[in-house]
Amino acid sequence: MNPYVAQLKAQFTPQQFAFFEGEARRYRKDPVVAFLLAFFLGLFGAHHFYLGRNQPGIIMLICTLSVVGLTVSVPWKLVNWFTVWGECDDANDEIEYVLAYSILHGQPPPASSPRPAIGGLPMAT
């Protein structure tokens, strides 16, 4: 668990904690599913779409559909086989952070204010 999420969870009531655990389990991304998508449909960016990262997924899909782009897509797919586990962890950390912040403050974290990030997770201020 991320220290930012742990800090937010420490302020939860028992009802908020139970709600958080249920919703986190509901939205959590499975690294095995992400890896299988990267392995079988990686050229089309399916694993990026699964993890909620649409921009790299669209770029990878366009590169694959253009024959010249295959020179980019194939190595990118091979690299993603090794990085998809960490990307899945980052996506789960982001989901838990947004969920915990939303439970405590009644709204999602402000997207307009720039937040420094460590390992892909926005820092709590």
Side-chain angles (χ1 to χ4, degrees):
M1 176 185 304
N2 191 286
Y4 306 117
V5 175
Q7 180 184 10
L8 293 172
K9 283 175 61 176
Q11 302 172 35
F12 284 172
T13 64
Q15 294 83 9
Q16 289 173 325
F17 184 78
F19 178 75
F20 173 83
E21 290 297 321
E23 290 298 301
R25 198 172 317 119
R26 176 179 170 196
Y27 290 109
R28 181 171 266 294
K29 304 298 181 185
D30 186 5
V32 174
V33 171
F35 178 77
L36 290 174
L37 285 171
F39 189 80
F40 292 110
L41 297 172
L43 284 176
F44 302 105
H47 55 292
H48 290 296
F49 291 114
Y50 174 71
L51 295 174
R53 299 177 40 208
N54 294 336
Q55 187 176 12
I58 291 170
I59 292 170
M60 197 164 195
L61 183 61
I62 290 171
C63 286
T64 300
L65 295 178
S66 68
V67 179
V68 176
L70 282 174
T71 60
V72 174
S73 302
V74 172
W76 193 359
K77 173 189 173 179
L78 296 175
V79 168
N80 280 155
W81 287 355
F82 299 101
T83 62
V84 73
W85 295 91
E87 292 173 16
C88 191
D89 289 340
D90 288 344
N92 287 332
D93 284 345
E94 178 69 21
I95 289 167
E96 289 181 354
Y97 174 77
V98 170
L99 183 60
Y101 188 96
S102 299
I103 289 171
L104 282 178
H105 300 288
Q107 61 186 7
S112 60
S113 63
R115 296 174 298 194
I118 296 177
L121 182 68
M123 291 178 49
T125 54

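As the structure is a prediction and not an experimental result, all values here were calculated from the model.
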Open item on the list: Testing the basics here: between W76 and P56, what is the closest heavy-atom pair and its distance to 0.1 Å?
Closed with: CH2-O, 3.6 Å
- [ ] Could you grab the distance from atom CG of N2 to atom CG of D90, nearest 0.5 Å is fine?
- [x] 9.5 Å
Please tabulate, for side-chain N and O atoms in residues 57-69, each donor-acceptor pair with protein atoms closer than 3.5 Å (sequence neighbours left out).
unit_1	atom_1	unit_2	atom_2	d
T64	OG1	L43	O	2.2
T64	OG1	M60	O	2.9
T64	OG1	S73	OG	3.1
S66	OG	I62	O	3.3
S66	OG	C63	O	3.2
S66	OG	G69	N	3.3

TODO: Give the cluster check for F40 versus F44: same hydrophobic cluster or not, with ILVMFWY residues linked at side-chain heavy-atom distances below 4.5 Å.
DONE: yes
Open item on the list: Do K9 and E21 make a side-chain contact, defined as non-hydrogen atoms from C-beta onward lying under 4.5 Å apart?
Closed with: yes
- [ ] Compare every heavy atom of Y101 with every heavy atom of L8, then report the nearest pair and how far apart it is.
- [x] CD1-N, 3.9 Å
Report all side-chain donor-acceptor pairs from residues 26-38 shorter than 3.5 Å, counting only partners two or more places apart or in another chain.
unit_1	atom_1	unit_2	atom_2	d
R26	NH1	E23	OE1	3.3
R28	NH2	E96	OE2	2.8
K29	NZ	Y50	O	3.3
D30	OD1	V32	N	3.3

Task: Separation of L104 CG from L99 CG (nearest 0.5 Å) - done: 10.0 Å
- [ ] Considering non-hydrogen atoms only, spot the tightest contact between W81 and F39 and give its length.
- [x] NE1-CA, 3.3 Å
Open item on the list: If hydrophobic clusters are built from ILVMFWY residues whose side chains come within less than 4.5 Å, do V84 and F82 share one?
Closed with: yes
Open item on the list: Within the 4.5 Å heavy-atom criterion, are H48 and E87 side-chain neighbours or not?
Closed with: yes
Open item on the list: Quick check: do I103 and F19 have side-chain heavy atoms less than 4.5 Å from each other?
Closed with: yes
Open item on the list: Same cluster or not: W85 versus V79, using hydrophobic residues (I, L, V, M, F, W, Y) connected whenever any side-chain heavy atoms lie under 4.5 Å apart?
Closed with: no
- [ ] Quick one: closest heavy-atom pair of P109 and V98, and the distance?
- [x] CD-CG1, 4.0 Å
Open item on the list: Going by the rule side-chain hydrogen bond (donor to acceptor under 3.5 Å, both in side chains), which residues pair with S102 if we only count those two or more places apart in sequence or in a different chain?
Closed with: none
